[in-house]
Trainee: 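Right, I'll just put the structure down here and ask away after.
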Amino acid sequence: MIGSSGTSSWRARGMLGAVLGVFVGAGSTRAEHVDFVVDSSNSYLTLAIPNFLYSGASFNLNGQNRTNGAPLATAWSSTTGNTAFVSGSFSTTIGGSLSGGTINSVQFIAGSSTMTALTSGNFRPNPAAFNSAAPVPNYNNNSPHAADYGGVVHSATFANAAYFSLSSSTVDLETTNPVSVVTNQFPVNLVGNSLITGLSTTLFGLQGGNVPLLGTIIPNQLTPLSGLSQGDVATGMGNFVLGSSGNPTTLTIPISVPFSIPIGGGIFLNGTATGQVVASAVPEPSTLGLAGLAGTFVAVWMRRRQRAGVCRTS
C-alpha cells in the first residue's frame with residue numbers, strides 16, 4: 001500500500017513537471033496575439049495642406065465658424081478644424097519572450113483596426129443637404145453638421161470659394177510583415193515594409209461658394225473616399241513600455257503620411273496627416289497564472305488518486 005501511494009505521488013510530481021514545462025515553455029520566445037485600445041485623449045491626426053493653384057489663382061485654407069466660434073479667415077489650425085482625436089482599437093502579433101520582458105518583433109494585423117477620427121466641430125457642408133438629383137448637384141442649404149475636419153478654400157481673388165468637411169473617417173494601421181523591435185523600439189518608415197496608416201476612408205463634402213460675377217467656380221460634391229492611407233514616413237520610432245511582469249502596457253506610434261483629395265478639374269488637396277497613436281495593451285492571462293491553474297489541476301488529481309487508494313484498502 002505504501003509503495004502504491006509513493007508511486008502515485010511520483011507520478012503526480014512527474015505530471016506536474018510536465019504540465020508546468022508546457023506552460024513555462026509557452027513563455028519562451030514565440031509570437032503572441034496582443035490587442036491594444038487607443039487612448040483618445042492622446043491620439044490624434046492633424047491635416048496640413050499647403051497653398052495651391054486653381055483657375056490661375058492661389059488658394060489657401062482658412063478656418064470655419066464652428067462650435068467654438070472661430071471666425072472666418074482664421075488660419076486653419078487645431079482650434080478651427082484641422083485636428084481630430086482618434087479612438088478605437090487594433091491587434092498585433094508580438095514576437096519574443098513577453099514573460100521575460102523581451103520583444104523582438106511586432107506585426108500590425110491587417111483589417112484589425114477599428115480606429116476612427118472623432119468629430120471636432122460643426123462644419124459646412126452638411127451631407128444630408130446634398131442634392132445629387134439637381135441638374136447641377138448642389139446643397140439645399142448652408143447648414144453645418146458634426147464632422148472630423150472642416151475648412152474654407154480661400155483666395156485673395158475669389159474670397160471664400162468653397163467650404164469642405166470630412167466625416168466618418170477611419171484610420172488604418174497595418175504592416176505586411178513583422179517589424180524588428182530592438183530595445184522596445186521599432187522604425188515606422190522601413191522601405192518595403194513601412195507601417196501603413198493615416199486616414200483610410202472618409203466622406204468628403206465640398207460646397208462651392210458664390211463668387212461675385214462668376215458664381216460657383218469649385219463644383220459641389222459629396223464623395224466617399226478610400227485608400228488614403230499610405231506608408232508612414234515619420235522620423236520617430238514606435239515605442240513599447242513594459243510593465244513589471246515584462247508584458248507590454250503602452251505603445252506609442254508617431255504618424256506622418258501623405259494624402260491626396262480630389263476637388264475637381266484635375267486639382268487635388270495634397271497634404272500630410274501627422275500625429276500619433278497612444279494605446280494600452282489589453283491584459284492577457286499570465287504564464288504564471290496558467291501554471292498556477294495547472295498546479296491546481298494536478299493537486300486535485302492527486303487527492304482523487306489518494307482517495308481512490310483508501311477506498312481500495314477498506
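For the numbers below, each heavy atom of this structure counts, side chains included, while hydrogens, waters and symmetry mates do not. When a residue number appears, it is its place in the shown sequence, counting from 1.
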Trainee: Any sub-3.5 Å donor-acceptor pair from Thr197's side-chain atoms to Asp232's backbone N or O?
Mentor: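 No, because the side chain of Thr197 does not come within donor-acceptor range (under 3.5 Å) of the backbone of Asp232.
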
Trainee: Could you walk me through whether Asp172 and Ser229 pass the side chain to side chain donor-acceptor pair (under 3.5 Å) check?
Mentor: CA-CA 6 Å; Asp172 204 2; Ser229 54; 3.3 Å; yes

Trainee: Do Thr116 and Thr170 pair up side chain to side chain, a donor and an acceptor below 3.5 Å, judged on atom types alone?
Mentor: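 The answer is no; no qualifying pair exists.
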
Trainee: Roughly how far, to the nearest 0.5 Å, is CG of Asn184 from CG of Leu242?
Mentor: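 One finds 4.0 Å between CG of Leu242 and CG of Asn184.
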
Trainee: Which other residues belong to the hydrophobic cluster containing Tyr139, where Ile, Leu, Val, Met, Phe, Trp and Tyr are joined when side-chain heavy atoms lie under 4.5 Å apart, directly or via other members?
Mentor: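 Phe130, Leu203, Leu222, listed by chain and number.
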
Trainee: Side chains of Thr79 and Ser77: any donor to acceptor distance under 3.5 Å?
Mentor: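 Yes, a side-chain donor-acceptor pair sits under 3.5 Å.
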
Trainee: Over all heavy atoms of both residues, which pair between Asn82 and Tyr149 is shortest? Give the atoms and the distance, please.
Mentor: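 Looks like O-CE2, 3.3 Å.
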
Trainee: Without swapping roles, check the side chain of Thr102 against the backbone of Gly96 for a donor-acceptor pair under 3.5 Å.
Mentor: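 Not a single qualifying donor-acceptor pair exists.
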
Trainee: Check whether any side-chain N or O of Ser120 sits under 3.5 Å from a backbone N or O of Gly81 as a donor-acceptor pair, and report yes or no.
Mentor: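 Between the backbone of Gly81 and the side chain of Ser120 there is no qualifying donor-acceptor contact (under 3.5 Å).
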
Trainee: Looking only at the side chains, is there a donor atom on one of Ser169 and Thr202 sitting less than 3.5 Å from an acceptor on the other?
Mentor: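 Yes, because at least one side-chain N or O of Ser169 sits under 3.5 Å from a partner of the opposite role on Thr202.
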
Trainee: Using only atom types and a distance under 3.5 Å, with no angle test, would you say the side chain of Ser112 pairs donor to acceptor with the backbone of Ile109?
Mentor: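 A pair under 3.5 Å: yes.
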
Trainee: Verify, without hydrogens or angle tests, whether Gln64 (side chain) and Arg124 (backbone) share a donor-acceptor contact under 3.5 angstrom.
Mentor: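 Yes: the side chain of Gln64 pairs with the backbone of Arg124.
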
Trainee: Rounded to the nearest 0.5 Å, what's the gap from NE2 on His145 to CZ on Phe123? Could you check?
Mentor: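 Here the interatomic distance stands at 9.0 Å.
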
Trainee: Got a second to check how far Asn142's CG is from Gln207's CD, nearest 0.5 Å?
Mentor: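 If we round to the nearest 0.5 Å, Asn142:CG and Gln207:CD are 5.0 Å apart.
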
Trainee: First locate atom CG of Leu173, then atom OG1 of Thr114, and finally report the distance between them rounded to the nearest 0.5 Å.
Mentor: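 It comes to 10.5 Å.
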
Trainee: Would you say His154 and Asn60 are linked by a side-chain donor-acceptor pair, where the criterion is simply a distance under 3.5 Å?
Mentor: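 His154 and Asn60 do not have a side-chain donor-acceptor pair below 3.5 Å.
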
Trainee: Just checking, is any N or O donor in the side chain of Ser91 or Asp35 under 3.5 Å from an acceptor N or O on the other one?
Mentor: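 Note: Ser91 and Asp35 side chains meet the donor-acceptor criterion.
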
Trainee: Under 3.5 Å, is there a donor-acceptor pair linking the side chains of Ser143 and Asn126?
Mentor: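 Judged by distance alone, the side chains do pair up.
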
Trainee: Can a side-chain donor-acceptor contact be found between Thr83 and Ser78 if the only test is distance below 3.5 angstrom?
Mentor: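 Short answer, no.
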
Trainee: Please tell me if the side chains of Tyr44 and Val277 come closer than 4.5 Å, counting only heavy atoms from C-beta onward.
Mentor: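 A side-chain contact is absent here, since even the closest heavy-atom pair is not under 4.5 Å.
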
Trainee: Please identify which of these residues, Asn220, Ile218, Thr223, meets the side chain to side chain contact (heavy atoms under 4.5 Å, CB included) condition with Leu206.
Mentor: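 Single pass found, and it is Ile218.
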
Trainee: Quick one: pull up CG in Leu225 and OG1 in Thr201 and give me the separation to the nearest 0.5 Å.
Mentor: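 These two atoms lie 9.0 Å from each other.
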
Trainee: Can you give the donor-acceptor pairs under 3.5 Å from side chains of residues 253-271 to other protein atoms, not counting sequence neighbours?
Mentor:
| residue | atom | partner | partner atom | Å |
| --- | --- | --- | --- | --- |
| Ser260 | OG | Asn270 | OD1 | 2.6 |

Trainee: Answer yes if the ring centres of Phe59 and Trp76 are under 6.0 angstrom apart, and no otherwise.
Mentor: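 Phe59 vs Trp76: aromatic centres not under 6.0 Å.
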
